[in-house]
Number of protein chains: 2
Amino acid sequence: MNSNSSSSPKVPIPTLERLATYLRFLIDLEAAQVETISSTDVEKQTGINAAQFRKDLSYFGEFGKPGVGYNVLELQARIARILKIDQLQPIMVIGAGNLGSALIGYPGLTEHKFHIAAAFDRDPAKIGRPQGDLVILNEADVREVNAEIGARIAIICVPAAAAQEVADTAILAGVRVILNFAPIILKVPERIVVRNVSFLQELAVLSYHLSGESQK
Amino acid sequence: MNSNSSSSPKVPIPTLERLATYLRFLIDLEAAQVETISSTDVEKQTGINAAQFRKDLSYFGEFGKPGVGYNVLELQARIARILKIDQLQPIMVIGAGNLGSALIGYPGLTEHKFHIAAAFDRDPAKIGRPQGDLVILNEADVREVNAEIGARIAIICVPAAAAQEVADTAILAGVRVILNFAPIILKVPERIVVRNVSFLQELAVLSYHLSGESQK
DNA sequence: TGGAACCTGTGATGAAATTCACAATCGCTT
DNA sequence: AAGCGATTGTGAATTTCATCACAGGTTCCA
Ligand SMILES: NC(=O)c1ccc[n+]([C@@H]2O[C@H](COP(=O)([O-])OP(=O)(O)OC[C@H]3O[C@@H](n4cnc5c(N)ncnc54)[C@H](O)[C@@H]3O)[C@@H](O)[C@H]2O)c1
Ligand SMILES: NC(=O)c1ccc[n+]([C@@H]2O[C@H](COP(=O)([O-])OP(=O)(O)OC[C@H]3O[C@@H](n4cnc5c(N)ncnc54)[C@H](O)[C@@H]3O)[C@@H](O)[C@H]2O)c1
């Protein structure tokens with residue numbers, strides 16, 4: 001049921017997930033004026049196995065120098081390139097409620113070259129309201145607006161009952177990948193990639209780990 | 001770097017994650033007044049492989065009846081029990097900014113028997129302010145307050161720079177597992193389980209999938 | 001009562017991801 | 001210019017996870 005549409009050498013999804021972690025880490029290293037880092041340093045500071053780090057990178061070429069390590073700035077740039085966030089990546093947010101608003105105001109996105117180009121809602125009370133740098137637009141105009149901004153990423157922050165519908169709309173408007181916060185499994189065409197974020201799922205796993213001896 | 005501190009029969013983490021999905025699904029089925037469901041139905045409606053579903057459950061005993069399937073209510077109850085959310089599970093939220101506020105107001109938590117018992121912040125402008133059913137408390141009082149409420153789960157919604165510090169505080173206050181939203185890798189004792197939620201990571205994976213031929 | 005349709009639980013098998021382990025390379029020191 | 005410690009990149013080994021496939025239950029109906 002999955003998504004490896006194009007690329008040839010089949011990069012593991014967990015590798016991609018870690019890539020984002022590395023990028024974050026490298027940005028912090030840059031801020032700390034570290035110029036070079038070795039895979040063992042990475043392991044010490046992030047807990048990610050050194051060989052794992054090297055292998056992850058090896059899917060995309062050679063990045064380091066034996067005996068020395070990796071140049072922080074260069075590696076940062078190359079990872080950004082791989083993830084296609086070396087230049088601003090436009091995103092649309094659908095649903096400007098509690099969660100959508102938090103995202104719209106989140107500066108971390110910009111730091112990683114994600115740019116919320118438009119936010120939509122269906123509630124007349126919200127449409128037209130300024131929110132951060134944006135004005136909330138009418139969800140009915142998704143298609144028309146996206147013809148201009150060309151977002152291929154949509155973030156869905158509407159209630160579960162509306163999620164499938166707005167996903168369909170977004171796809172019609174040219175969106176190719178979706179980050180879904182609604183607790184529902186979206187049905188989408190093969191070519192569309194969806195990732196779900198579920199706080200409940202995370203909490204459930206944690207709760208499970210509250211092992212046997214409840215009070216101590 | 002990881003978390004499988006205790007349990008004996010070694011349940012795969014992905015299984016635990018799916019358990020929460022099943023629970024959500026079963027709640028929706030209950031609302032739709034479905035009484036019984038088979039693993040093949042689950043596959044049809046969620047996309048999760050039927051054998052996977054059965055195997056996931058098999059780690060915890062036998063739940064179904066051959067030829068019939070699973071009783072929705074019973075399975076729901078048993079999964080909730082496994083995940084320790086069969087009765088209200090108290091949680092503390094630290095950081096009542098954009099994200100923390102969204103969580104505090106999120107009704108989905110209650111539906112899954114998670115209960116935000118207290119929310120803390122350090123900003124004097126926020127302390128004392130009502131928020132949903134709660135009043136924001138002073139972060140300096142985490143320990144004292146938790147002696148009363150006994151939360152073992154903490155959700156960290158403070159800026160990265162403060163995250164390690166509040167994690168330490170939470171652990172001192174008796175917290176055993178942490179859901180961390182700050183983009184930083186927390187250093188915690190072995191026995192503490194941490195899960196990180198990173199929107200940036202999710203977006204990065206999606207962005208990667210915007211394959212080759214950029215404009216169409 | 002017997003047989004067909006339908007399901008579960010699980011050992012066996014296969015696929016994917018992680019980790020190991022080592023030859024090859026680099027820069028420094030003498 | 002040769003030797004050494006550090007570090008990379010990557011096949012091979014290992015571990016973890018997903019799927020297959022089937023022996024047994026269960027129900028229904030004739
Ligand atoms: N708030 C949280 O902490 C949280 C946590 C996890 C998951 N979620 C999920 O995220 C989603 C949004 O949560 P929230 O708390 O922001 O809810 P919310 O009710 O605050 O916001 C939902 C917004 O979507 C808008 N909306 C409804 N139908 C729409 C449509 N068809 N088109 C466009 N906009 C539409 C509403 O007007 C509202 O502004 C929900 O599915 C929720 O389950 C929220
Ligand atoms: N907003 C988002 O959409 C989003 C998305 C992903 C990740 N995050 C991460 O979540 C965290 C919170 O994000 P946010 O948008 O809510 O930020 P925010 O600035 O709106 O809120 C942070 C809150 O933490 C409080 N705080 C700071 N130091 C504290 C301390 N020591 N103890 C207690 N409270 C303290 C601040 O007073 C503030 O109220 C950040 O780490 C951010 O990177 C946010």
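In this text, all values refer to a predicted model and were calculated from it rather than measured experimentally. Convention: sequence-line order gives letters A, B, ...; per-chain numbering from 1.
- For B:Phe199 and A:Phe181, the distance between ring centers is under 6.0 angstrom.
- Summary of the strand contacts: A:Val68 and A:Arg54 both lie near DNA chain C, and taking for each the nucleotide with the nearest heavy atom, the more 5' one is attributed to A:Arg54.
- Considering only side-chain N and O atoms, A:Arg18 lies nowhere under 4.0 angstrom from the phosphate OP1 or OP2 of C:dA17.
- For A:Gln52, whose side chain is taken as the heavy atoms from C-beta onward, the closest listed nucleotide among D:dG9, C:dT18, C:dC7 is C:dT18.
- For B:Tyr70 and B:Phe53, the ring centers are positioned less than 6.0 Å apart.
- Per the geometry, CD belonging to B:Glu62 stands 12 Å off P belonging to C:dT8, to the nearest Å.
- Judged by the 6.0 Å distance and 45° axis criteria, B:Arg78 is positioned over the aromatic ring of B:Phe63.
- The residues B:Arg122 and B:Glu165 are annotated as salt-bridged, a charged nitrogen and a carboxylate oxygen being separated by less than 4.0 angstrom.
- Checking A:Lys55 against A:Gly67, the closest nucleotide of DNA chain C that is more toward the 5' end is the one next to A:Lys55.
- Summarising the geometry, the separation between CZ on B:Arg78 and C1' on C:dT8 is reported as 13 Å, rounded to the nearest angstrom.
- Straight-line distance from the CD atom of A:Glu74 to the P atom of D:dT8: 13 Å, rounded to whole Å.
- Going from atom CD of B:Glu43 over to atom C1' of D:dT19 covers 10 Å, rounded to whole Å.
- Contact between the side-chain N/O atoms of B:Tyr70 and the OP1/OP2 oxygens of C:dG9 is found at a separation under 4.0 Å.
- If you check every strand for non-hydrogen atoms under 4.0 Å, B:Ser39 touches sugar and phosphate atoms only.
- Regarding contacts with the backbone of C:dT25, every side-chain N or O of A:Lys65 stays at 4.0 angstrom or more from both OP1 and OP2.
- Taking atom OH of B:Tyr59 as the reference point, atom C1' of C:dT8 lies 16 Å away to the nearest angstrom.
- With rounding to whole Å, B:Phe53 atom CZ is found 8 Å from C:dT8 atom P.
- If you check C:dT18, D:dA18, D:dT8 against the side chain of A:Ser38, the one that comes closest is D:dT8.
- Comparing atom distances between the A:Pro66 side chain and each of D:dG24, D:dT8, C:dC20 picks out D:dT8 as nearest.
- For the pair A:Glu17 CD and C:dT18 P, the interatomic distance rounds to 9 Å; values are reported in whole Å.
- For A:Gln45 and A:Asp41, the side-chain atoms include no donor-acceptor pair closer than 3.5 Å.
- Separating the NZ atom of B:Lys10 from the C1' atom of D:dT16 is a distance of 7 Å, rounded to the nearest angstrom.
- Residue B:Asn49 has no polar side-chain atom (N or O) positioned under 4.0 Å from OP1 or OP2 of D:dC17.
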